[in-house]
Amino acid sequence: MGEMATPLRLSIGGMSCAGCVATVENALRAVPGVADATVNFAEHTASVTGRAPAEALIAAVKEAGYEAAELRGAEDEAQKEAAEMDHYRRLLRKAVVAAVVGVPLMVAGPLGWLPALSTTGGRVFWLAVGAATLFVLVYSGGHFFKGAWKAFWNHSANMDTLVALGTGAAWTYSVAVAAFPHLVPVLAQHAYFEAAAVIIALINLGSALEMRARGKTSEAIKRLIGLQPKTARVVRDGQEIDIPIGEVGLQETLRVRPGEKVAVDGVVIDGHSTIDESMLTGEPLPVPKKTGDEVVGGTLNKSGTFLFQATRIGEDTALAHIIEMVRQAQNSKPAIGRLADRISSYFVPGVLIVAVVTFLVWFSLGPNPVLGYALVATMTVLIIACPCALGLATPISIMVGVGKAAEYGILIRKGDALQQAGHLTTVVLDKTGTVTAGRPAVTSVVAAPGWNETRLLQLAASIEAGSEHPLAEAIIEAAAQRSIALQELTGFEAIPGKGVRAQLAGGMRQVQAAAGLPKALVPAAAATGQLLLGNEALMRSHGIDPGSLAGEAAAMAARAETPIYLALDGATVGIVSVSDPVKPDSRDAIARLHAAGMRVVMLTGDNRVTAEAVAGQVGIDEVRAEVLPADKAKQVEALQARGEIVGMVGDGINDAPALARADVGFAIGTGTDVAIESADITLIRGSLHGVADAVAISKATVRNIKQNLFGSFVYNFLGIPIAAGALFPLVHLLLNPIIAGGAMAMSSFTVVSNANRLRWFTSGEKRP
Amino acid sequence: MKELAADVGGLVVIGLIVWWFWLSKPKTLHAGEGTPIDIVVADGVYTPARIEVPAGRPVTLRFLRKDPSPCAEKVVFEAFDNMTRDLPLDRPLDVTIVPDRPGEYAFTCQMKMYRGTLVVKNP
């Protein structure tokens, strides 16, 4: 294949006339290393050959006043696949040619059908076979020799070195024996041409099989890249036109019809529909979308037609981020694989030394014919050693495991997280938004005698107007639903973990108006207008006795609702109860965590009774209630001090310190907002099943890595001594070099195939 | 006698293996400042495989992969937070790093069969 046979393709933006074509082409051709550049005006693309990298080309186009981006994605993958297929066929061809020469010799030899070397005719026959085997070594095994030669001059040795030395020694010895049989003892007059040819055939076949198996390991990335649509339908000047995806601009309006994919990320501005997001989030049910809702590029529109405005394009889309995260994680390596890495740099020269020692031992101490035995044992040592299996054991499993996780909407940032997740003993869950849906709603309003619910809700909502707390949003929402206008208050002050304080403007008259009460009922001396909204702790810290409302509050808490007191001038005037329903699948997911041997702890700022009621609904082991937001990390630390290996599950923003403190932090995403950098693992789908799946996939992957490492260590560290003849003194067994070649050829393939078993992983989640 | 000669010869060969593969270093390319360093990825080796660069300055390695086998697909810089890049076939890819401390840093393929060394020296 010639240098730069594959042209690099760019999408070019901003070309308005055919005259631009020449400008862009000239700019590209001026870049050092460019052999040729052609611009297709109709497609708005450029095709460049030469040695210049994409970055330099893009910079040149930009300097000329246009936009450019490298065309990658599906097209790139298709090119890669074509090149791999080509290489695969070439390897198979080489294997077949080598087998055609080697296999008949291998069969005919033991049957006594081949002439002896002692006759002239026999010598001529064997020299002809030697010529045929030389052709095999050049055509089918040339790449091993070339690689070995180049590596040698680089002061390094690799698999090619071992194969080239092993087969080269067999051929050279055999030619010498065929040409000058009198130089070696009669017993050693044996040619090993068939071994050289069959070993070359087997190793090429093994490489081909490994290549095919490897293709499957990157299926997850290919699937994600395949989600990206190639075109988008934009609305420009009132007309709908199809354009390449790379040309969609920010804020542009796009149309999506039923059965079509959403092209980029955006917000629905007209129409409604349901969208299948399972390919990105693993969420099995279609998600309804209406005006104002976010849609994500790559997801599939089911039923309706809608218009949306593009908010993120190109490399900024959620899909592009997910692909990048998965790519990076697939390339990371957990600690478990590092020993193999250290060994591999000493491995091949080490095997060469073992081969020399083997030769010397057989030559000095072996039975007759010593030269024959010494050669066979040395050749077998060289051929059986497989450094590739050792080096491949860890990364190939990570590749498949991380990819599998991505299918379930689980993004693993680092290989170390994968290793740790399988060892967790305790999982800490944040309550709101993790165990519960995170969309609290007001369920009841209880007013003290003399107060009415509307006034109560009005004051509560007015206090919360400035807050972004989920409970505050629920109260404001409830007031809005009842069309209650908010009142102006002053002196807001948030009391962390407890509630809010505010001041009624206007003093006594306002207090009366607020309460809707006759003057006589409010003692004038007490009427300063101080409002408190919050939990029981807030009331008690201000010396307020909940009085008769305490019973109501207890009943609410027992129903897993959160009671919020409102107090005016030192007296409770009512309770607003807010409830955040648990996610429908939280219970099943927690049962799965239990089944995997983990304790489940829930952390919440909520009161103990409510927290315990929620915990009871979903089967949580331990509740830590009334925890201030700032103390969540300390709680995780306390569990770690007890010797627990802690996984923390929470939202990526508020819980960031606790997520960072935990052994493994799981950020539970809302939709596909994957800009969550603080966590080791991001669960795109909001379900706790993601935690159970992540743990299960981690365990499966680490088990797979161990199998691979164990297999390749045992293979090499048992195989090499056996090949050297360690069993010969005991049972008179010396391995045939052809068997060693077969074993070596299969070892990498076995490692890759074992990793591929991870693709069959299925979640333990019961799906509807 | 034959055995003794073989043993001596064998020991010499072992000595040569140790010296050639572990003790001696391949020719070092001294990188000029500012220009990318072309590294060809073919036949099981990076060419050049040993590159000397000054510390504290960005260095761009321009990899051109000509080996279609999957072994050559990735280049890993373990000392640089395990930074890994996928090398496209027959197309150059620039990898820019800023080695801030002097020392020898390996870059390898996933299986550690392709090996190169970045020799970082104080300017």
Side-chain angles (χ1 to χ4, degrees), chain A residues 1-6 8 33 51-56 76 79-80 83-84 86-87 143 146-160 207 210-211 214-215 327-328 331-333 341 344-349 352-353 356-357 359-360 363-364 387-388 390-392 395-396 415, chain B residues 2-4 6-7 9-11 13-14 17-18 20-27 36 38 40 42-50 60 62-64 66-71 73-74 76 78 81-86 88-94 96 106 108-116:
Chain A
M1 200 180 284
E3 197 170 288
M4 283 293 298
T6 323
L8 196 144
R51 291 183 50 124
E55 296 78 12
D76 223 27
Q79 264 174 11
K80 195 176 134 200
E84 279 178 0
D86 202 41
H87 186 57
H143 56 291
K146 200 172 166 190
W149 183 249
K150 282 205 164 185
F152 178 78
W153 288 111
N154 249 326
H155 293 248
S156 74
N158 54 29
M159 197 193 88
D160 293 343
S207 302
E210 180 196 328
M211 192 155 179
R214 271 215 199 195
R327 269 217 173 104
Q328 280 184 14
N331 288 330
S332 74
K333 197 176 273 186
D341 283 353
S344 61
S345 54
Y346 299 100
F347 189 84
V348 178
L352 295 181
I353 292 172
V356 174
V357 172
F359 184 89
L360 294 180
F363 193 73
S364 307
C388 297
L390 211 55
L392 212 53
I396 207 78
Chain B
K2 233 169 37 185
E3 284 83 1
L4 184 69
D7 288 347
L11 288 176
V13 172
I14 290 175
I17 291 171
V18 171
W20 184 257
F21 293 112
W22 285 330
L23 302 179
S24 73
K25 303 285 179 222
K27 223 169 62 194
D38 288 317
V40 177
D43 304 319
V45 289
Y46 296 124
T47 316
R50 196 174 162 85
T60 300
R62 181 167 293 171
F63 287 91
L64 178 63
K66 291 183 175 178
D67 179 354
S69 77
C71 313
E73 194 178 7
K74 290 176 191 289
V76 186
E78 212 167 65
D81 200 21
N82 224 23
M83 180 175 81
T84 304
R85 293 282 179 276
D86 285 357
L89 189 60
D90 289 326
R91 261 176 20 197
L93 181 101
D94 281 5
T96 301
T108 64
C109 71
Q110 257 187 334
M111 295 187 286
K112 303 278 191 288
M113 292 292 102
Y114 274 93
R115 295 188 152 267

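So that the names make sense, note that chain A is the first sequence line, chain B the second, and so on, each numbered from 1.
Proximity to chain A (any heavy atom under 4.5 Å) is restricted, for B:Lys25, to the backbone atoms N, CA, C and O. Neither the backbone nor the side chain of A:His143 comes within contact range of chain B; no heavy atom of the residue lies under 4.5 Å from a heavy atom of that chain. Contacts of B:Tyr46 with chain A are made by backbone atoms alone, with heavy-atom separations under 4.5 Å and no side-chain atom involved. A:Phe347 does not touch chain B: none of its heavy atoms, backbone or side chain, sits under 4.5 Å away.
Atom CZ of B:Arg50 sits about 9.5 Å away from atom NE2 of A:His155, to the nearest 0.5 Å. Between the CG atom of B:Asp43 and the CG atom of A:Asn158 there is a distance of 10.0 Å, given to the nearest 0.5 Å. Atom CZ in A:Phe363 sits 9.0 Å away from atom CG in B:Asp7 (nearest 0.5 Å). Annotation: the span from A:Asp160 atom CG to B:Met113 atom CE amounts to 9.5 Å, rounded to 0.5 Å. With rounding to the nearest 0.5 Å, the separation of OG1 in B:Thr47 from CH2 in A:Trp153 is 14.0 Å. The line from CZ of B:Arg62 to CD of A:Glu55 is 8.0 Å long, rounded to the nearest 0.5 Å.
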Between B:Phe21 and A:Leu352, does the side chain to side chain contact (heavy atoms under 4.5 Å, CB included) criterion hold? Intermediate values first, please. CA-CA 10 Å; B:Phe21 293 112; A:Leu352 295 181; 3.6 Å; yes

Could you walk me through whether A:Met211 and B:Ser69 pass the side chain to side chain contact (heavy atoms under 4.5 Å, CB included) test, one step at a time? CA-CA 8 Å; A:Met211 192 155 179; B:Ser69 77; 5.6 Å; no

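For chain A, the option among B:Gly44, B:Pro70, B:Gly10 with the highest count of heavy-atom pairs below 4.5 Å is B:Pro70. Top candidate by heavy-atom pairs under 4.5 Å with chain A, chosen from B:Val13, B:Thr108, B:Asp38, B:Val18, is B:Asp38. When each of B:Ala106, B:Pro26, B:Ala6, B:Gly9 is scored by its heavy-atom pairs under 4.5 Å with chain A, the top score falls to B:Pro26.
When every heavy atom of A:Ala83 is checked against every heavy atom of B:Leu89, the shortest pair comes out as CB-CD2, 3.5 Å. B:Trp22 and A:Ile353 make their closest contact through CZ3-CD1, 4.0 Å (heavy atoms, listed as atom of the first residue, atom of the second, distance). Between B:Ala49 and A:Asn154, the shortest heavy-atom distance links the atoms CB-OD1, 3.3 Å. Listed here is the closest heavy atom pair of B:Trp20 and A:Phe152: NE1-O, 2.8 Å. In plain terms, the two heavy atoms of B:Asp94 and A:Pro53 that are nearest each other are OD2-CG, 3.4 Å. The two residues B:Glu3 and A:Ser364 come nearest to each other via the heavy atoms CG-CA, 3.5 Å.
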